[in-house]
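Encoded as structure tokens, the structure appears first; notes follow it.
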Amino acid sequence: MKKLLDKIKYGYQKFRAFFRETYHKHIAYMYIAVAVFITLFIEVLAGLAASDRSNMQGIIFLLGSPYVFLCNAMIVLMSLSITLLFRRRFFGICLVTIIWAILGITNAVLVSVRVTPFIGSDLTLIHSAFSIADKYLKAWQIALIVAGIMLAVGFLILIFVKAPKVHHKINLWGNIIAVIIIWVLGFGLINLGRASNLITKKFDNLRDSYFDFGFAYCFSNSLFNMGVIKPENYNRLTVKSISNQNKSAVNEEKVEDKPNIIFVQLESFFEVNDLAKVRFSRNPIPNFEQLMQEYPSGYMTVPVVGAGTVNTEFEVETGMTLEYFGSGEIPYNTYLHNNTMESICYNLKNYGYQTHAIHNNNATFYDRDKVFSHLGYDTFDSLETMHVDLNSKKAFNAKGWLKDSYLTGEVMDTLNSTSGQDFIYTITVQSHGKYDPDPYQPKIKVRGLEDESLTDSYEYYADQIYEVDRFIKKLTDELKTFDEHTIVVFYGDHLPTLDITAADLTTENLFQTPYVIWSNYENDYFSDGDIYTFQLQSLILKALHMTDGRINLCHQANLGKKIEEYKDELHILIYDMTDGDHYGEEEGEILYEETDLQMGTRPIQISNLNISNDSKEIFVYGKNFTQSCRIYVNDSRQETEYIDRNTLKLTDTELENGDEISLQLVNANDIAFVETDSMTYRVDAMEKSQEKQTKKKQNQKKNKKKSEE
């Protein structure tokens, strides 16, 4: 034992001497070694997380694409080089290493649970991620992540206190020059790689690109490569010429039919019977397939696979293609967060339409509660404004998503809330991943999977879209007897995260989902055909002779052509409206004003309140209350009990004359995100109100006594 301890002690002393020699005299070797290790570690993690990749992904990447691996290691080295300017270099190296490790682990988790890797835009969704973490991760996994973060923070504090500083004086200017040289070399390698097509700036398939070009490069590219690429021939004359050309190509006809228009975006919905080898004990989507046989339908090319609902949403709403935006960019979180943009909502407003969004999930996810006002929506009916018992297990599926069956009532209520024409964009959620409920008894059995470990996930997914299919029938059945002309477009937003490859599909295309155009009245507006998501609104509006909007008009003028024949024109118009000089607008013209978005189809309102004389309980009365309503007194939240749609109760609250009482909605994280109504408490008004209530009760008793006599 003594000899063993002596050997360990000797080995430790040798390593310590080697570390000090390297740290103080040959620091460059340490930086290079750390950069290579981090790059290899991240790629190995990604390979382990992806079922369609080798567990040796990092080694394969190093040996198979040495130049691309070098570019990734160089990016890591560039981030490490900043620490050359400080004496606590070891702390700096540890800090940068842990940051890269966290990014790499996050990427591996996302590759595993949603297929799509970690992109720069995901950083803007951290607040939304907390609200759905429990749907993707088990409690022990969340606990492990929290423990890991705490351990990393503790380690960094220890290193900051204990780690050695560089004992010699730092040559600051010399090190600044060294950092500059490293960064110049890094950018040089990347640009050389792009010039030789070893790496690309724009990614067609985000997931494949991350494995082909490396996480460090792709993630960095998604952080800094934002916005629309400027076309080479962009100028005022070209923009005006394109707009005039499109106007002359579209016949201006009088709008005679203005039906209600409903888009129903079906979460992770696709034609499951296109799976070449998989068989189901029962057809999961019989109603949808029947609609496809009886009504105009086809396949729609979507921009994402496995995840990215909001980007399909963006293309459908705006008619813009994400091809010209940054790789992995989410325009909801970049452009639309602060800017308005042409959309189907704005295009329909001049024809008298009121515009509504319905989503049976949290309003704050993807910041829809802010973004929808920049797309021209008048109302937004979300989970928080729906009259659903949030404590009912029957209302939610095994993963905690609200069932889509509730959407039928919300759609009908929205249609009945106005006297004119409505456009409704409905976003479903029930069939959202992750598909690993435990325990779960499937109703539909699945066979034929090569990887039998996926059977449980497929069976759960099949059950969910079977219920979604029933919702489709329920909605169309309701609308058949509705006395207003209505057109409904059902379509899937992307394929689910079930490790499906192109070879698994008879269509051999991961980016196609089915669509069908249903209507409750006879018309011959549409025919079968395959389209792109960004063409959908123009396909519908062209048939109705609604030509507002330059992007809409561009598609209408070219719908009979292949996209390659007019994509350059589309690119110029998209750039002009986003990062360009807005040549298409007249001087001082404001085309799209932000709407005053109302939460809920019908407004949530406070009308009055009453204080119980005996129990001192405060009852707040109004309209359209939900379980997500909270009462605030002078900006201080009160313990609020939901009684019914018209009544809320406060139990531990005392009011004083002049107190401001407001009503706010809270999201899944119990964070207030919108104030819907307010009133001022007046003692004299309350006393009069109580006197009225007392007299009313007395009169009721007298009348009752008289009637009995």
Checking [X] side chain against [Y] main chain: does a donor-acceptor pair fall under 3.5 Å?
X      : Y      : result
Asn246 : Ala557 : no
Asp528 : Ser297 : yes
Asn107 : Phe118 : yes
His494 : Val304 : no
Thr428 : Glu267 : yes
Tyr324 : Pro231 : no
Asp576 : Gly584 : yes
Ser538 : Asn552 : yes
His545 : Glu253 : no
Thr83  : Gly92  : no

(message) Can you pull out every side chain to side chain donor-acceptor pair (under 3.5 Å) where at least one residue sits in residues 235-245? Sequence neighbours excluded, please.
(response)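 Applying side chain to side chain donor-acceptor pair (under 3.5 Å) to every pair that reaches into residues 235-245, excluding sequence neighbours, yields Asn235-Thr238.
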(request) Show your reasoning for whether side chain to side chain donor-acceptor pair (under 3.5 Å) applies to Tyr377 and Ser343. (result) CA-CA 10 Å; Tyr377 287 102; Ser343 72; over 6 Å; no
(request) Could you pull out all residues at least two apart from Asn667 that satisfy side chain to side chain contact (heavy atoms under 4.5 Å, CB included)? (result)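 Checked Asn667 against side chain to side chain contact (heavy atoms under 4.5 Å, CB included); matches are Thr364, Glu384, Asn669, Ile671, Phe673.
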(request) Return the set of residues passing side chain to side chain contact (heavy atoms under 4.5 Å, CB included) with Val488 (not counting sequence neighbours), or none when no residue passes. (result)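 If we apply the side chain to side chain contact (heavy atoms under 4.5 Å, CB included) test to Val488, skipping adjacent residues, the hits are Ile262, Val264, Leu479, Thr486, Phe490, Trp518.
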Pair [X] and [Y], ring centroids less than 6.0 Å apart:
X      : Y      : value
Tyr592 : Tyr346 : yes
Phe325 : Phe314 : yes
Phe219 : Tyr210 : no
Tyr353 : Tyr351 : no

Can you measure from [atom1] ([X]) to [atom2] ([Y]) and round to the nearest 0.5 angstrom?
X      : Y      : atom1 : atom2 : answer
Asp274 : Thr507 : CG    : OG1   : 5.0 Å
His571 : Thr321 : NE2   : OG1   : 10.0 Å
Ile242 : Leu553 : CD1   : CG    : 11.5 Å

(message) Please identify which of these residues, Ile424, Ile427, Thr426, Leu536, meets the side chain to side chain contact (heavy atoms under 4.5 Å, CB included) condition with Phe263.
(response)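 Option passing the side chain to side chain contact (heavy atoms under 4.5 Å, CB included) with Phe263: Leu536.
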(message) Under a 3.5 Å threshold, yes or no: a donor from one side chain and an acceptor from the other, between Ser209 and Asp212?
(response)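 Side-chain D/A pair, Ser209 to Asp212: absent.
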(message) Within the 3.5 Å criterion, strictly below it, is a donor on Tyr332 or Glu313 matched to an acceptor on the partner's side chain?
(response)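 There is such a pair between these side chains.
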(request) Identify, with sequence neighbours excluded, every residue that meets salt bridge (Lys or Arg N to Asp or Glu O under 4.0 Å) alongside Asp422. (result)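 Listed in chain order: nothing, the list is empty.
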(request) Identify, with sequence neighbours excluded, every residue that meets salt bridge (Lys or Arg N to Asp or Glu O under 4.0 Å) alongside Asp378. (result)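 For Asp378, the residues satisfying salt bridge (Lys or Arg N to Asp or Glu O under 4.0 Å) (neighbours in sequence not counted) are Lys349.
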(request) Starting from the C-alpha separation in whole Å, work towards a yes-or-no answer on side chain to side chain donor-acceptor pair (under 3.5 Å) for His555 and Tyr566. (result) CA-CA 9 Å; His555 288 305; Tyr566 74 98; 2.8 Å; yes
(message) Name the residue from Phe61, Phe213, Tyr217 that meets the ring pair (Phe, Tyr, Trp, His ring centres under 6.0 Å) definition with Phe69.
(response)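 Output: one option passes, namely Phe61.
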(request) Quick one: which residue pairs count as a salt bridge (Lys or Arg N to Asp or Glu O under 4.0 Å) with a foot in residues 320-330, not counting sequence neighbours? (result)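 Qualifying pairs, neighbours excluded: Glu323-Lys567.
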(message) A side-chain contact here means heavy atoms from C-beta on lying under 4.5 Å apart; do Trp183 and Ile82 qualify?
(response)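 The answer is yes, as the side chains (C-beta and beyond) meet within the 4.5 Å cut-off.
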(message) Taking the side chain as everything from C-beta on, heavy atoms only, tell me whether Thr547 gets closer than 4.5 Å to Leu541.
(response)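 Side-chain contact under 4.5 Å: no.
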(request) Could you please spell out the steps behind the side chain to side chain donor-acceptor pair (under 3.5 Å) verdict for Thr309 and Gln265? (result) CA-CA 9 Å; Thr309 295; Gln265 183 168 290; 5.2 Å; no
